[in-house]
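First comes the structure, then the notes that go with it.
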Amino acid sequence: MTEGAEIGGREVDAGRGVVALEGMNKNEIAERLEEIGTLLELQGENPFKTRAYQSGARALEAMDADEFAARMAAGTLGELKGFGEALVDKVGKLHATGRLEFYDKLRAQIPDGVIALLEVPGLGPKKIKALREQLGVESPEALGEACRAGRVAELAGFGEKTQVKILEGLANRAAYGKRHRWWDARAVAEPIVEGLRGLAQVRRAEAAGSLRRNLETVGDLDFIVAARAEDAAAVTEWFCALPEVKEVTARGGTKASVRFASGLQADLRIVPEEQFAFALHHFTGSKDHNVAMRQRALARGLSLSEWGLVPDAGEGTAKEKAERGLSLRAESEAELFAHLGLAFVPPELREGLGEIEVAETAAGGGVALPRLVELADLRGAFHNHTTESDGKASLLEMRAAATALGWEYLGIADHSKSSVQARGLDEARLASQVAAIRAANAAGGGAWLFAGTECDILPDGRLDFDDGVLATLDYVVASVHSAFTQSEDEMTARIVRAVEHPRVTMLGHATGRLLLRREAYKVDLARVIDAAIANRVIIELNAHPSRLDLDWRLWRRAAERRLMCALNPDAHNTAGLRHVEAGVRVARKGWLTAENVLNTRDRAGVERWWSERR
DNA sequence: GCCGTTTTCGGCCCGACTGTTTTCAGTCG
């Protein structure tokens with residue numbers, strides 16, 4: 001294998017000493033396009049060109065694997081908006097061979113350290129270019145040295161303050177650069193929103209950004225407040241004085257930015273009440289959604305911004321026009337959408353993945369936007385643990401907690417014997433747990449208990465219990481808890497074998513990922529989803545804040561193909577049942593309705609669905 | 001790099017803030 005060949009695709013030994021090139025799959029190609037976008041950005045390329053690669057990457061990420069395969073086979077990728085001649089050519093080469101000379105050459109010009117420089121706050125492509133060309137800085141370490149030597153401040157366009165800010169950014173990079181789980185970000189944001197609403201000067205307040213869009217991880221918090229201009233200073237003062245604020249990083253007339261001790265950053269923006277709906281929409285994003293909305297506005301002779309929706313024609317900026325009272329009025333986001341001929345798009349759907357097209361037909365009386373599943377639709381959940389395995393609450397404590405939530409039923413699925421680390425149950429302990437569950441149901445006094453198991457899928461795809469044992473249960477959750485490092489083919493075959501087992505009711509946490517901590521194991525999810533649909537097996541949407549697995553990006557298409565979802569908290573204590581709050585939000589993000597989620601059905605409906613499978 | 005009811009070139013969404021400047025470039029969202 002030559003050195004040059006290692007840069008591009010993956011080389012595999014096809015036998016007899018012949019080395020063949022292996023093509024890339026859809027997600028690998030998406031990652032490569034994203035990387036090309038970043039590299040072009042660092043080269044100071046036209047920003048619109050870099051965006052073309054990045055939006056191509058996102059389109060592939062959101063695309064169903066089957067659709068991608070079909071389009072590659074039929075050569076119809078170019079029919080999609082955003083895929084022109086150049087991208088179709090590059091995607092085709094990566095798909096066929098895994099190699100792309102264009103990328104190899106680009107990559108060879110830019111060291112890893114330079115890519116890392118983009119993570120330093122305040123550094124963009126232009127400043128990095130100047131640092132490379134004038135100081136030879138090509139890594140965060142070299143940048144730190146140059147700052148300490150005072151050489152950065154001497155560059156044109158840089159200064160003392162920039163140099164200090166870069167040093168701080170380098171020091172904080174590890175701690176503050178990362179994203180945060182949605183669950184943790186919400187815990188910080190909710191009291192702040194309540195606090196803002198409690199201020200006499202504040203008319204309206206909301207958290208916007210990726211938190212409001214229910215993305216599984218959140219980069220920073222955005223708070224939008226409606227207040228009179230003369231009251232803005234008092235609101236800003238309150239915000240910057242919050243006890244958890246460690247540092248105020250920016251402070252202007254209508255905006256303040258702070259950093260909390262946890263590393264989470266937060267922006268506050270104060271707008272006049274008549275601009276609130278526009279500002280809330282703008283700062284909720286996503287960026288792709290906003291771009292599409294603005295383009296739609298322009299096509300109607302209007303200009304959309306956080307300031308309002310003003311006529312595109314005439315003198316002055318959109319802001320000036322809004323201040324002259326030229327904006328259309330919108331008391332709510334729904335009215336904003338209506339001005340553009342659209343039905344209201346829930347925040348979690350605003351990812352620039354076709355929601356505007358659907359909202360248009362919905363407004364026109366055609367296909368309606370779905371009524372997304374809501375927390376109140378849930379009547380129970382199936383994947384929960386007790387003190388019998390690695391839970392912290394007893395069977396009856398868990399039932400009491402479920403009853404308190406208003407749930408009609410609760411499924412108990414403790415670990416099976418191979419999960420020794422989790423005190424998994426053997427056949428005898430499982431039998432006595434089942435007896436305890438039947439007895440509790442006979443005694444009554446709370447939510448109905450379903451007897452299940454979270455049965456390990458062994459490395460070869462067999463289950464951890466015999467069929468006879470499984471037959472004593474109401475349902476079976478099958479999950480992978482071992483041998484995470486198998487090859488994609490092995491893992492896929494392993495999971496598909498379990499899904500094809502007649503006693504398996506649902507597949508637990510399909511990829512094993514732990515957000516911000518552990519990557520998913522390698523598995524061909526398209527084949528797993530196909531097998532689940534073919535065998536009428538449910539796939540779980542594990543609602544644990546660190547999992548949210550299966551990923552929301554895959555649910556829309558899978559549900560259209562009649563894949564049934566079970567929204568499970570994977571609770572290990574009574575408080576853990578509330579994880580469904582995170583799960584419902586991610587399910588909504590995957591366009592799921594109550595009909596797509598089994599645990600919105602009543603007990604009889606659940607039992608009927610299970611019996612029909614057998 | 002993409003795109004077209006201003007169509008094959010010349011645009012491409014819009015504004016705030018910072019720091020370095022003295023009218024603006026760069027970064028960020």
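- Look at CZ on A/Phe48: it is 16 Å from P on B/dG4, rounded to the nearest Å.
- Backbone-only engagement by A/Phe83 is indicated by non-hydrogen atom pairs under 4.0 Å involving sugar-phosphate atoms exclusively.
- OP1 or OP2 of B/dA16 sits under 4.0 Å from a side-chain N or O of A/Lys319.
- Taking only side-chain atoms of A/Lys126, from C-beta outward, the nucleotide of B/dG29, B/dG26, B/dC12 with the closest atom is B/dG26.
- If you check B/dT8 for Watson-Crick or wobble pairing at under 3.5 angstrom, you find it has no partner at all.
- Between the CD atom of A/Glu41 and the P atom of B/dC28 there is a distance of 9 Å, rounded to whole Å.
- Computed from coordinates, the A/Lys255 NZ to B/dT18 C1' distance equals 10 Å when rounded to whole Å.
- Residue A/Ser55 is classed as having no contact, given no heavy-atom separation below 4.0 Å to the nucleic acid.
- The residue A/Leu40 sits apart from the nucleic acid: no heavy atom pair falls under 4.0 Å.
- Remark on DNA chain B: of its neighbouring residues A/Phe158 and A/Leu123, the 5'-side contact belongs to A/Phe158, judged by nearest-heavy-atom nucleotide.
- One atom, CZ of A/Arg251, and another, P of B/dA16, lie 19 Å apart when rounded to the nearest Å.
- Between A/Lys26 and A/Glu61 there is no salt bridge, since no side-chain N of the basic residue sits under 4.0 Å from a carboxylate O of the acidic one.
- Residue contacts shown for A/Pro47 are absent, as no nucleic acid heavy atom lies under 4.0 Å away.
- Rounded to a whole Å, the CG atom of A/Asn290 is 13 Å from the P atom of B/dG15.
- By the 30° and 60° cut-offs, the orientation of the rings of A/Tyr53 relative to A/Phe102 is parallel.
- Atom CG in A/Leu60 sits roughly 16 Å away from atom P in B/dG1 (whole-Å rounding).
- The listed nucleotides are B/dT27, B/dG15, B/dC12; the one nearest the side chain of A/Arg51 is B/dC12.
- Comparing A/Leu298 and A/Ala86 along DNA chain B, the residue whose closest nucleotide (by nearest heavy atom) sits nearer the 5' end is A/Ala86.
- The side chain of A/Trp307 has B/dA16 as its nearest neighbour among B/dC17, B/dG26, B/dA16.
- For A/Ser303, no side-chain nitrogen or oxygen approaches OP1 or OP2 of B/dG15 to under 4.0 Å.
- Nucleic acid contact class of A/Lys90 (heavy atoms, under 4.0 Å, all strands): sugar-phosphate only.
- A distance-only check finds a donor-acceptor pair linking the side chain of A/Lys589 to the backbone of A/Arg213 [under 3.5 Å].
- Distances shown here put every side-chain N or O of A/Thr50 at or beyond 4.0 Å from the OP1 or OP2 atom of B/dG1.
- Remark: the A/Asn46 side chain and the B/dG1 base include a donor-acceptor N/O pair separated by less than 3.5 Å.
- A salt bridge is defined here as a Lys NZ or Arg NE, NH1 or NH2 lying under 4.0 Å from an Asp or Glu carboxylate O, and A/Glu351 with A/Arg58 fails to meet this definition.
- Side-chain atoms of A/Phe102 lie closest to B/dG1 of the nucleotides B/dG26, B/dG29, B/dG1.
- Residue A/Glu45 is out of contact with every strand shown, counting any heavy-atom pair closer than 4.0 Å.
- Here A/Thr162 does not reach the OP1 or OP2 of B/dT18: none of its side-chain N or O atoms lies under 4.0 Å away.
- To the nearest angstrom, C1' of B/dC12 lies 11 Å from NZ of A/Lys81.
- One donor-acceptor pair, N or O on each side, does fall under 3.5 Å between the base of B/dG29 and the side chain of A/Lys287.
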